[in-house]
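Notes to accompany the following structure.
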Amino acid sequence: MRRRSEGDLAASNDGCKENKKISSTSMLLCCKLFISESRNRAVLDSIERAAHLDPETIIVNKFEDRAYNRVRYTLVSHVVHDCTGQAVYSPLQQTVMAMAEAAFEAINLELHSGAHPRLGVVDDIVFHPLARASLDEAAWLAKAVAADIGLKLQVPVFLYAAAHPTGKALDTIRRELGYFRPNFMGNQWAGWTMPEVLPERPDEGPTHVSRTRGITMIGARPWVALYNVPILSTDVSATRRIARMVSARGGGLPTVQTLGLVHGEDATEIACMLLEPNQIGADRVQNRVEMLAAQEGLDVERGYFTDFSPEMIIEKYVKLVSSRED
């Protein structure tokens with residue numbers, strides 16, 4: 001898939017020029033890019049240099065976790081439409097590709113280890129609509145990036161949620177591929193242990209996996225909140241029991257997914273994905289964790305979000321764009 005430049009768009013239809021101006025302020029897409037590295041500063045610097053090559057994409061937030069050896073970048077840019085209203089271009093496509101390529105060049109998955117599951121160097125890329133953008137536009141961009149990574153970088157890509165033809169869930173694909181099974185010390189993920197020929201055919205890219213690069217998941221979905229609750233205990237078995245009872249899968253809170261993980265030398269943590277945060281929010285998750293932890297005789301700290309709200313992300317994006325224009 002050839003990336004259409006803004007020059008191509010202008011040349012093809014001058015009447016659509018106004019669309020770009022409108023889109024840059026009200027039609028926004030957010031990308032959360034999860035990369036399996038947080039301990040090597042030189043590697044992160046190289047990835048961030050790649051992000052800054054296109055000034056129309058803004059990094060509005062970054063979350064690093066050394067225990068997990070994982071970083072997440074939150075990127076925002078506009079989406080451009082043609083005169084029929086079809087999404088045709090977003091600077092995010094080029095930026096995400098540049099960052100992914102930098103990550104694949106600098107990180108060897110066989111040498112990676114951490115306390116958070118992962119299947120690839122670029123482990124997960126998810127697109128969310130912001131402001132007046134639609135989920136269809138987020139899915140369009142997810143599929144375009146997936147095609148680029150699969151073809152140009154020769155990395156197997158599995159699509160999920162709105163980017164998948166049937167809306168297949170991310171956690172379903174991950175279970176099929178063994179994502180949740182630690183392979184080192186009972187609570188760590190290290191190197192690459194899957195067969196080099198995948199049991200499931202990816203949506204893009206080869207069926208043969210590079211052990212140094214792994215697999216990439218790419219999806220599009222409405223906003224998801226990530227909320228982590230620290231448990232003041234090294235008993236990861238107890239933390240996993242609590243996590244399961246909090247989750248929808250374990251009969252707990254609807255639309256909540258959880259993982260019980262080791263987090264540093266003297267604590268564990270319940271990492272929560274709130275699929276509908278306006279319906280089941282962090283307070284209900286916190287209360288449920290505290291109640292279940294008390295039954296285990298464990299103390300709990302106040303949880304924390306790993307990213308800003310959509311409203312705060314838009315606000316930060318607008319401020320950063322304005323400061324660049326001044």
Side-chain angles (χ1 to χ4, degrees), residues 1-3 29 31-37 47 70-73 75 90 92-112 114 116-128 135-183 189-221 224 257 259 273 275:
M1 179 182 297
R2 186 175 79 85
R3 174 180 170 271
L29 293 175
C31 173
K32 292 187 179 181
L33 174 61
F34 296 83
I35 294 173
S36 300
E37 180 58 71
I47 294 168
R70 185 176 177 89
V71 63
R72 189 218 57 242
Y73 294 98
L75 312 167
S90 173
L92 275 171
Q93 184 173 352
Q94 180 183 17
T95 303
V96 171
M97 274 298 293
M99 294 177 73
E101 190 165 9
F104 285 125
E105 288 178 357
I107 301 167
N108 182 341
L109 191 64
E110 287 196 291
L111 303 179
H112 177 273
H116 194 287
R118 80 290 185 274
L119 288 171
V121 166
V122 179
D123 194 53
D124 183 22
I125 304 173
V126 59
F127 293 91
H128 302 293
L135 187 57
D136 284 345
E137 289 157 348
W140 158 78
L141 186 52
K143 288 183 279 191
V145 170
D148 282 348
I149 289 178
L151 178 63
K152 297 176 182 177
L153 302 182
Q154 285 297 291
V155 173
V157 177
F158 287 86
L159 296 171
Y160 66 87
H164 187 274
T166 64
K168 194 170 185 179
L170 174 61
D171 64 325
T172 299
I173 301 169
R174 284 174 163 174
R175 283 192 176 83
E176 292 172 351
L177 295 173
Y179 176 86
F180 298 105
R181 293 193 295 269
N183 67 335
W189 284 259
W192 176 258
T193 59
M194 284 186 63
E196 292 185 11
V197 177
L198 292 168
E200 302 284 336
R201 184 169 185 85
D203 297 287
E204 298 286 353
T207 56
H208 184 276
V209 185
S210 162
R211 298 173 66 89
T212 62
R213 295 188 168 195
I215 299 164
T216 298
M217 306 287 172
I218 301 182
R221 64 195 334 173
V224 171
Q257 297 177 355
L259 275 174
M273 186 180 293
L275 301 183

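Counting heavy atoms from C-beta outward, Arg174 and Asp124 have side chains that approach closer than 4.5 Å. Side-chain contact between Arg221 and Tyr160 is present, with at least one heavy-atom pair separated by less than 4.5 Å. Put simply, the side chain of Val224 does not reach to within 4.5 Å of the side chain of Lys32, judged on heavy atoms. With contacts defined as side-chain heavy-atom distances shorter than 4.5 Å, the pair Thr207/Pro156 does not qualify. The side-chain heavy atoms of Val145 and Ile218, taken from C-beta on, include a pair separated by under 4.5 Å. Under the 4.5 Å side-chain criterion, counting only non-hydrogen atoms from C-beta, Leu153 is not in contact with Val122. Side-chain contact check for Asp148 versus Val96: every heavy-atom pair is 4.5 Å or farther apart. Within the 4.5 Å cutoff, the side chain of Gln93 has heavy atoms near those of the Leu141 side chain.
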Item to check | Step-by-step side-chain contact (heavy atoms from CB on, under 4.5 Å) determination, Ile149 to Glu204 | outcome: CA-CA 8 Å; Ile149 289 178; Glu204 298 286 353; over 6 Å; no
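Among all heavy-atom pairs drawn from Leu135 and Ala220, the shortest one is CD1-C, 4.0 Å. The two residues Leu109 and Leu119 have their closest heavy-atom pair at CD2-O, 3.8 Å. Contact record, Ala142 with Gly219: CB-O, 3.7 Å, taken as the closest heavy-atom pair. Across all non-hydrogen atoms, the minimal contact from Arg211 to Met194 is NH1-O, 4.5 Å. Smallest separation of non-hydrogen atoms from Gly150 and Val157: N-CG2, 4.1 Å. The two residues Pro117 and Leu259 have their closest heavy-atom pair at CG-CD1, 3.8 Å.
Rounding to the nearest 0.5 Å gives a distance of 13.5 Å between OH of Tyr73 and OG1 of Thr95. Atoms CG and OG, from Leu75 and Ser90 in turn, are 10.0 Å apart once rounded to the nearest 0.5 Å. Between atom CE of residue Met217 and atom OH of residue Tyr179 there is a gap of 8.5 Å, rounded to the nearest 0.5 Å. Rounding to the nearest 0.5 Å gives a distance of 10.0 Å between CZ of Arg118 and CZ of Arg70. Between the CG atom in Asp123 and the CZ atom in Arg72 there is a gap of 13.5 Å [rounded to 0.5 Å]. Taken from CG in Asp203 to OG1 in Thr216, the straight-line distance is 12.5 Å, to the nearest 0.5 Å.
Judged by distance alone, with hydrogens and angles left aside, the side-chain atoms of Trp189 form no donor-acceptor pair with the main-chain N or O of Phe180 at under 3.5 Å. Side-chain atoms of Ser36 come within 3.5 Å of backbone N or O of Gly120 as a donor-acceptor pair.
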